[in-house]
Amino acid sequence: GAVLTHRVVVPEGLRMEEVAARIEAAGLGSAAEFLSVAREPATAAAFDIPGASLEGYLFPETYELAKGIPAGDIARLMVDHFFAVWREIEPRAQARGLSMRDVVVLASLIEKETGAPQERPLIAAVFLNRLERGMRLETDPAVIYGIADFDGNLRRVHLEDVTNPYNTSQHAGLPPGPIASPGAAALLAVVEPAEADYLFFVARKD
């Protein structure tokens, strides 16, 4: 017969902890249990994910799930959605010499930098241009990701902290891993960036 399902909306740009909280809020299991699966390196390896966790690969989507589904199966479903999208993007990534990991990391930065769809390809162009020139990315969301118990106030001491591996103001190249789960539009922006030679962007609250 029909099974009662519960809707879980996972928007773009959530971290693993936020995804886990939504799963718990929907009554589909504890956040701690889901995080123990998502943070387990063996899980990432079993799912063919490069890296030590599922951060960045829990694909944003609206899921209809029944109670009692194990946390590992929920995680697998989300990762499978990612791979379905990735298969469409992969040829364009290969043409640009970008690995899956590179694309997901860059897309996660783009996702946290803007919520405006038209800006994603431009921001992708800025990041790719800076990487090509050996410039540091200097993107605040990456710095914030590496700050334990961030209180919402990014300070100069944070930007000067060389011990933070995600501090793209101090370390060249990409951060060690994704900082959130990017959606299809952000992933596509990385492999189809705007044709622009910009090296900077600034938020003006308009």
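What you see is a predicted model; the values in this text were computed from it and never measured.
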(Q) Applying side chain to side chain contact (heavy atoms under 4.5 Å, CB included) to L154 and V143, what does each step give before you reach the verdict? (A) CA-CA 9 Å; L154 189 64; V143 182; 4.1 Å; yes
Q. Could you go step by step and tell me if H81 and L77 meet the side chain to side chain contact (heavy atoms under 4.5 Å, CB included) rule?
A. CA-CA 6 Å; H81 271 266; L77 178 65; 4.2 Å; yes
[X]: what forms a side-chain hydrogen bond (donor to acceptor under 3.5 Å, both in side chains) with it, not counting sequence neighbours?
X	value
E195	none
E113	T139
S30	none
T62	none

Any side-chain heavy-atom pair from [X] and [Y] closer than 4.5 angstrom?
X	Y	value
I74	M78	yes
E160	R156	yes
S108	Y57	no

Q) Would you say N167's side chain and G146's backbone share a donor-acceptor pair under 3.5 angstrom? A) no
Q: Examine distances only and state if a side-chain atom of E61 and a backbone atom of Y63 form a donor-acceptor pair shorter than 3.5 Å.
A: no
For [X] and [Y], which heavy atoms make the closest approach, and how far apart are they?
X	Y	result
F82	F59	N-CB, 3.6 Å
V190	A107	CG2-N, 3.6 Å
K112	P141	CB-CB, 3.6 Å
S53	R39	CB-CA, 4.0 Å
P193	L128	CG-CD1, 3.7 Å
A46	R76	O-NH2, 3.6 Å

Would a hydrophobic clustering, with Ile, Leu, Val, Met, Phe, Trp and Tyr connected at side-chain separations under 4.5 Å, put [X] with [Y]?
X	Y	result
I110	L98	yes
L14	V8	yes
V19	V79	yes

What residues form a salt bridge (Lys or Arg N to Asp or Glu O under 4.0 Å) with [X], not counting sequence neighbours?
X	answer
R96	none
E111	R120
E192	R92
D151	R155

Rounded distance [0.5 Å steps], [atom1] in [X] versus [atom2] in [Y]:
X	Y	atom1	atom2	result
T168	F127	OG1	CZ	7.5 Å
K67	T5	NZ	OG1	11.5 Å
M100	D48	CE	CG	8.0 Å
S99	E90	OG	CD	10.5 Å
I23	E33	CD1	CD	10.0 Å

Q: With sequence neighbours excluded, tell me which residues meet ring-ring contact (aromatic ring centres under 6.0 Å, His included) with Y166.
A: Y145
Q. Excluding sequence neighbours, so at least two apart, what forms ring-ring contact (aromatic ring centres under 6.0 Å, His included) with F34?
A.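 For F34, no residue satisfies ring-ring contact (aromatic ring centres under 6.0 Å, His included) once neighbours in sequence are set aside.
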Q. Hey, is CD on E88 packed in by over 12 heavy atoms from elsewhere, all under 6.0 Å?
A. no
Q. Would you say F150 has more than 12 foreign heavy atoms packed within less than 6.0 Å of its CZ?
A. yes
Side-chain atoms of residues 170-189: list all donor-acceptor pairs with protein atoms under 3.5 Å, sequence neighbours left out, distances to 0.1 Å.
from : atom 1 : to   : atom 2 : distance (Å)
Q170 : NE2    : L159 : O      : 2.9
H171 : NE2    : V162 : O      : 2.9
H171 : NE2    : N164 : O      : 3.2
S181 : OG     : L58  : O      : 3.0

Q | Of I147, D140, I144, N153, the residue whose pairing with H158 passes side chain to side chain contact (heavy atoms under 4.5 Å, CB included) | A |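 Going through I147, D140, I144, N153 one by one, the side chain to side chain contact (heavy atoms under 4.5 Å, CB included) with H158 is satisfied by I147 alone.
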**Q.** From CA spacing to verdict: side chain to side chain contact (heavy atoms under 4.5 Å, CB included), H6, L65
**A.** CA-CA 5 Å; H6 300 263; L65 303 169; 5.8 Å; no
Under 3.5 Å donor-acceptor pairs involving side-chain atoms of residues 130-138, not counting sequence neighbours:
from : atom 1 : to   : atom 2 : distance (Å)
R130 : NE     : R136 : O      : 2.9
R130 : NH1    : L199 : O      : 2.7
R130 : NH2    : R136 : O      : 2.7
R130 : NH2    : E138 : OE2    : 2.7
R133 : NH1    : N129 : O      : 3.1
R136 : NE     : S169 : O      : 2.8

